[in-house]
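One structure is given here, and the rest of the page talks about it.
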Amino acid sequence: MSSENQEPVVARFVRLPSIAERKLGPDYSAPIRLDPRVLNQMQATIKTLGKQYVDTLGRQVHELLPMIADACSGDQAQRSAFYEIVHDVRGLAGTFGHPIVGKFAKSLCHYMQEHATIDQTIVRFHIEAMRDALADAAADDRLAEDTLNSLAQLIRTAEDARTPARKSPVG
Amino acid sequence: MARNVFETLTVLVVDDSSHMRYLLLGLLRALGVGEVILANDGDEAWSKYILHKPDLVITDAAMAPGDGFALAKRLRNDDIATSRHVPIIMISAHTEISAIERAREVGITEFVRKPLVPRALYERLIAVVNRKYEINPAALRKVADDQPQVAFL
């Protein structure tokens, strides 16, 4: 059969509107772009809320210290309550200008996720590092990295202590 | 003066941290968002979604009861026509590839990492309002299969 006998294909083009086009209707002129003035307003909001949050953050970190023993006792409810606060700090401290506190909280969250049994000393060192970083706003990244490395080393040492020593091959 | 598209939006914010909820409320207000609905967890978000039919959902990943992944899955699979294609922005401290892949699988539109940076949130919101597909991609595929002569631009 020759192609001349085929029915011509009728194509229908459907143009999908974006949310901006649909919402603005006739007022829509072009895709939305970042407005530096709006971004400044958002950043000012973070700054204002950050001033209020610093008190909450301090309170949360101090609340954690007396909870350590119970959180490490194997009681799942106590552990969950403790983790919830650390997770909250992890998510918010960095946003509100305390990235080092956030890094320690992240390390502790990771440790708690990876280990069914958690060591009191390791947990305490994390919380104390968070408390110290909060007290010393001038704490630099290098010091924080050194502390994080020390905490990671502490976790590895505790893991090695729990793992039965490998038998050396005998001839 | 050009109208601000964000003024026309209703946004549902879902987070179990009250600080995060109020931070997002503050940021969205700074952006000029018309209406912000707050929910504590995935279950509350679902009932508020039904009630308010927001234009956009911003959700935390880790929450109980009903985390952000479960909420997204529920929205994408339900029979409510709007929920299948409502844009969902997920905010999470878990940025491993597996978490991002899981977010994509359940139909998350955009992913923002914690700590939250205003610029990152603003850029994702712009991407969402400029997005062309308001129709569920699965529905688009079905139309394309059923009517091959239809092309979407």
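Naming: A, B, ... by sequence-line order, numbering from 1 per chain.
With a 4.5 Å cut-off on side-chain heavy atoms, A:L34 and B:R119 count as touching. Looking only at side-chain heavy atoms (C-beta outward), A:M42 and B:L31 come within less than 4.5 Å of each other. Contact annotation: the side chain of B:H19 approaches that of A:T56 to within less than 4.5 Å [non-hydrogen atoms, C-beta and beyond]. A:V38 places none of its side-chain heavy atoms less than 4.5 Å from the side chain of B:F6. Inter-residue side-chain proximity for A:I19 and B:P87 is flagged as met; some heavy-atom pair is nearer than 4.5 Å.
The closest donor-acceptor contact from the side chain of B:Y122 to the backbone of A:D35 lies under 3.5 Å. A distance-only check finds a donor-acceptor pair linking the side chain of A:R90 to the backbone of B:A93 [under 3.5 Å].
If you measure heavy-atom distances from A:N40 to chain B, you find no contacts under 4.5 Å at all. For A:L49, the part lying under 4.5 angstrom from a heavy atom of chain B is the side chain only. Heavy atoms of B:I126 lying under 4.5 Å from chain A belong exclusively to its side chain. For B:Y22, the part lying near chain A is the backbone, with the side chain staying farther off; criterion is any non-hydrogen pair under 4.5 Å. Heavy-atom distances place both the backbone and the side chain of A:T95 under 4.5 Å from chain B. Using a 4.5 Å cut-off between heavy atoms, A:T48 does not touch chain B at all.
Donor-acceptor pairing under 3.5 Å is lacking for the side chains of A:S18 and B:N130.
Ranked by non-hydrogen atom pairs under 4.5 Å with chain B, the options A:H110, A:K23, A:E84, A:Q41 are led by A:K23. Annotation: maximal heavy-atom pairing with chain A below 4.5 Å, among B:G26, B:P115, B:S92, occurs at B:P115.
Annotation: the span from A:I46 atom CD1 to B:L116 atom CG amounts to 6.0 Å, rounded to 0.5 Å.
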